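In what follows, a single structure is set out as structure tokens and then discussed.
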Amino acid sequence: MAYDFKEIEKKWIPQYEEFDGYKGIDFENDKEKFYMLTEFPYPSGSGLHVGHAFAMTAADVYARFQRMQGKNVMFPMGWDAFGLPAENYAIKTGRNPKEITKEVTDMFRSQMKKLGFSFDWDREINSTSPDYYKWTQWIFTKLFEEGLAEKKEMPINWCPKDKIGLANEEVIDGKCERCGTEVEKRTISQWVVKITDYADRLINGLYDTEFIEKVKAAQINWIGKKEGAKIRFEVKGHPEKLEVFTTRPDTIAGATFMVIAPEHALVGELLEGHSDNVSRVKEYLENIKGESEMQRTDASREKTGVFSGLIAINPITNKEIPIWIADYVTMSYGTGAIMAVPSHDDRDGEFAQKFGLEINETYTPDDQMMEEIEKRGMGEKAVTYHLRDWIFSRQHYWGEPIPMVYCERDGWVSVPAVDLPVVLPDVEKYLPTDTGESPLANIKDWVETTCPKCGGKAKRETDTMPNWAGSDWYFLRYCDPNNQDVLADMKKMEYWMPVDVYVGGDEHNTLHLLYSRFIYQFLWDLAVVPKSIPEPYKKRISHGVILGPDGNRMSKSKGNVIVPDEFVEKYGADSLRTYLMFMGPFDATMAWNERSLIGVRRFIEKFYNLIELHAGTGEVTDDESKKVIHQLIKQATEDVAEFKFNTVIARLMETVNTLSKPGFKIGTNDLGSVVKVLALFAPFVAEQLWSDLGEVFSVHNQEWPVYDEKYLLSERVNLSVQVNGKMRGLVSISPDAEEQTVILEVKKSEKINKYLEEGEIRKIIYIRGKTINFVVG
RNA sequence: GCCGAGGUGGCGAAAUGGUAGACGCACUAGCUUUAGGAGCUAGCGGGGCAACCCAUGGAGGUUCAAGUCCUCUCCUCGGCACCA
């Protein structure tokens, strides 16, 4: 029978429904546990993307490998299903996002099964299920109770068209992600989570992990810890001193002016005063008000600013220095005020140049300066972070309701655990209201409630959580997905945690990864996760990106989107999976190429034919076949462990090419070993071939083959002969031949001898089994 | 500007400091007469009839030996960015 992937898939896919080989078993202490995690997708209406297929196939290959190595593997999957696209679709169609989510997750699940991912479906979770978000809400109440969440006035990105607050990540190039309108800054009351309290721990915790370098760097960079000093400058005629943050207190003698942000409190005070400069300051503020966030943060832009009329005193030089207002200084970093050292800082220099301010070229940085500053009480050492507190409110419908109640008497009160979850109510309209509140604000009898503390009248919070909330702790829920009493059973977490390998995309290296590490550390402080495990993820690796056939990032507008289903249909899931893993290194950026996929398809066909040819013949494997097969096993064992899948597939191809030549005899056992290697990549055809070899279901819970060194030893090896470092020929010789034997053999070759006779042999370097180099001169 | 990853045939890519280009795609020639994006054999970095010579972004260096290690430099991609 010829290879027919449709028949094979039709036959085997249903068999895995009841298959327990893919399930992780709690407390299976006879085996080593292995927790393999790949990011749970946002299930969008357009279905599983080829990027998902790529990342998940890689994780699947690795999970299968660990399983065959005899480990008890947990490889779960779920849905991160709250979010804007479902809400937008609901707004457009008037349909309930709950229904839409159900349809879409059903579609995703079925696509994943068709692709042969070995997920443990008993552990499936859904962030939009009340059973799940009960605990997302519970975590929030704890943050509040521990003083890490508070509601305060915060400037946010505001879309004037949609009348909605946007998170930074929802602003693309200064424009609203949904409608493309330029966003404005607006101040509204928002829940804020103090992730900055954990900044140092989020850095230090990285040293306990085996994250790849790039991920560690991205996190450290994002947190942006800077050590420096806070220094106070006297302002003439003003009672309060002006505090600045600087990383270079040693350069203070070079500070010839100061700059404050337009939002700085001092500017507000100034406008109430009678300075001659007030009108000019007002004019400047008016000018920059119209600027978008994007314009303001464009580093290449020419600097603008205005003299405030205020004069400060440099505490070291005692010179009077002017205070300027400029938008290149922002309130969100440091103190919103700087001492400008134009001779040392490019931006300050540029500013001084433009406005004709003094530049002190003669000063030199002074190592003792900090000591002096502290002694004189002018300032002290300080640390500042780029990481900002996490704005946790969204005025959207499709998210977890923030489980808080506002009482006139008691202020904000968290909903007690017994009353959780606060279920997201059904609404008529999913659009935000004119006031910028979430649609929940329209449901009177939901909003109006009683205070959990005093029993008096109170109102519910109508904002919902950001889409990061559900993914902050999902890896814990997989350990115990149906627990009604706690977020996950402690013993089960102790067994499964930490995540051994977490495969994900670079786009989540800062936000998701940092947020979830923060929440885990917070839960650790609450002692609701195992005390012995301070970090949730042992190893984080990031997968590559698949570009469209034109070499560009896939996008609907470019029309270069690859939909995996189409290729499953055309060439089969096995070919698609194997091609995805063969494209290049696991972490590289690679362009889609259908011709190469066809090449992989040819290989699978050839593989199929090879096994079919030998199956049931009762052959005894000959030495040459043994050698080829054991080389394959060795390379596969080593390379799969390092996520080097492309080279394993190359070796599989070589193996099949060699063994397909006439004359090889291969027994069932050895055929089985080769099928097991293929099973990682092409699970369905491997299952078929395993069955054709007369073996019992399933190839996927077999033991990984072990190679025997004795088959890898060769009697002869081609030794490269170099003369003065240049390759001059090969001699076929025993790999452990003595140097004298090699030299005798080399001398037999006229071709090589010619070079040896060009001079006297001064030195011979012989590397057994590899090379011999004659230094002639 | 900072951080990270890279630069090897027409293309995707391989190479514990030891035969550069495995494997795949595309291409060429020959054989097969083939309803399936076929199969088989051979060739396939550049130059040269050849012996050989030249080739891993560029320039130096270490070494018997460098794509691989070191120094400098150019470029590409990804992330962050008026970070004080």
Side-chain angles (χ1 to χ4, degrees), chain A residues 2-4 212-218 220-222 224-226 228 244-248 251 255 258-259 261 296-301 303 326-330 332-341 344-348 350-351 384-387 506-507 509-510 542 544-545 547 551 553 570-571 579 582-585 587-603 605-606 638 644 646-657 718-730 751 754 762-767 769-777:
Chain A
Y3 172 61
D4 180 345
I212 52 171
E213 195 48 42
K214 139 198 219 183
V215 177
K216 282 188 186 177
I220 289 169
N221 209 29
W222 183 263
K225 181 177 182 172
K226 291 275 173 68
V244 301
F245 174 79
T246 176
T247 54
R248 297 297 303 273
T251 65
M258 300 183 82
V259 185
R296 266 195 71 171
T297 54
D298 180 3
S300 63
R301 193 176 68 125
K303 301 236 173 326
D327 63 359
Y328 83 90
V329 172
T330 64
S332 52
Y333 187 76
T335 64
I338 62 162
M339 62 177 211
V341 186
H344 203 272
D345 182 287
D346 291 345
R347 289 155 302 149
D348 298 346
E350 193 193 318
F351 194 80
T384 189
Y385 301 91
H386 174 236
L387 182 71
D506 282 339
E507 69 275 20
N509 284 346
T510 45
S542 45
V545 178
L547 306 174
R553 275 182 185 270
K570 245 168 138 175
Y571 306 108
Y579 166 60
F582 183 59
M583 286 178 86
D587 55 356
T589 304
M590 304 152 291
W592 179 265
N593 179 348
E594 188 171 346
R595 292 304 321 182
S596 291
L597 169 53
I598 293 169
V600 170
R601 156 70 201 262
R602 278 204 281 261
F603 151 70
E605 212 164 296
K606 220 168 168 182
E638 290 167 0
K644 286 164 73 179
N646 56 333
T647 53
V648 176
I649 294 165
R651 173 63 82 171
L652 265 169
M653 288 170 169
E654 273 186 271
T655 305
V656 171
N657 288 345
N718 280 332
L719 195 78
S720 81
V721 182
Q722 300 177 25
V723 179
N724 290 334
K726 281 198 193 277
M727 238 289 284
R728 294 303 181 188
L730 298 170
K751 200 181 142 206
K754 194 170 72 187
R762 299 185 186 277
K763 200 174 170 188
I764 296 170
I765 296 106
Y766 174 46
I767 312 293
K770 284 184 178 159
T771 192
I772 186 162
N773 188 9
F774 296 86
V775 183
V776 174

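First the proteins, then the strands, lettered A, B, ... as listed; each starts at 1. On a predicted model such as this, the values are computed, not experimentally measured, just so you know.
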For this session: Considering only atom P, compute the distance from B:G67 to B:G61 and round it to an integer number of Å.
Result: 15 Å
Exercise. What integer number of Å spans the P atoms of B:G45 and B:C11?
Worked result: 13 Å
Determine the contact category for [X]: base if any of its heavy atoms lies under 4.0 Å from a base atom, sugar-phosphate if only primed atoms, P, OP1 or OP2 are that close, otherwise nothing.
{"X": "A:F603", "result": "nothing"}
{"X": "A:E507", "result": "nothing"}
{"X": "A:N221", "result": "base"}
{"X": "A:E654", "result": "sugar-phosphate"}
{"X": "A:R651", "result": "nothing"}
{"X": "A:N657", "result": "sugar-phosphate"}
{"X": "A:K644", "result": "sugar-phosphate"}
{"X": "A:A218", "result": "nothing"}
{"X": "A:G599", "result": "sugar-phosphate"}
{"X": "A:N646", "result": "sugar-phosphate"}
{"X": "A:N773", "result": "base"}
{"X": "A:F774", "result": "nothing"}
{"X": "A:K216", "result": "nothing"}

State whether the side chain of [X] and the backbone N or O of [Y] hold a donor-acceptor pair below 3.5 Å, judged by distance alone.
{"X": "A:N724", "Y": "A:V776", "value": "yes"}
{"X": "A:N509", "Y": "A:V215", "value": "no"}
{"X": "A:T771", "Y": "A:S720", "value": "yes"}
{"X": "A:Y579", "Y": "A:N593", "value": "yes"}
{"X": "A:D587", "Y": "A:S542", "value": "no"}

From [options], nucleotide with atom closest to [X] side chain:
{"X": "A:R602", "options": "B:G39, B:C52, B:A84", "answer": "B:G39"}
{"X": "A:Q722", "options": "B:G4, B:G18, B:A84", "answer": "B:G18"}
{"X": "A:H386", "options": "B:C25, B:C82, B:C80", "answer": "B:C80"}
{"X": "A:K763", "options": "B:C3, B:C64, B:C23", "answer": "B:C64"}
{"X": "A:R553", "options": "B:C3, B:G78, B:A84", "answer": "B:G78"}
{"X": "A:I765", "options": "B:G37, B:G18, B:G39", "answer": "B:G18"}

d([atom1], [X]; [atom2], [N]) in whole Å:
{"X": "A:Y571", "N": "B:A38", "atom1": "OH", "atom2": "P", "value": "9 Å"}
{"X": "A:K570", "N": "B:G37", "atom1": "NZ", "atom2": "C1'", "value": "8 Å"}
{"X": "A:I767", "N": "B:U63", "atom1": "CD1", "atom2": "P", "value": "16 Å"}
{"X": "A:N593", "N": "B:C11", "atom1": "CG", "atom2": "C1'", "value": "8 Å"}
{"X": "A:W222", "N": "B:G4", "atom1": "CH2", "atom2": "C1'", "value": "16 Å"}

Problem set entry | Heavy-atom closest pair, residues A:H386 and A:N221 | ND1-O, 4.4 Å
Exercise. Any N or O donor-acceptor pair linking the side chain of A:K214 to the base of B:C3 at under 3.5 Å?
Worked result: no
Seminar exercise, completed: Applying the 3.5 Å cut-off to both distances, the Watson-Crick or G-U partner of B:C2 turns out to be B:G79
Exercise. Is there a Watson-Crick or G-U wobble partner for B:C27 with both distances under 3.5 Å, and which nucleotide is it?
Worked result: B:G43
Exercise. Looking at NZ of A:K225 and OG1 of A:T384, how far apart are the two atoms once the value is rounded to the nearest 0.5 Å?
Worked result: 11.0 Å
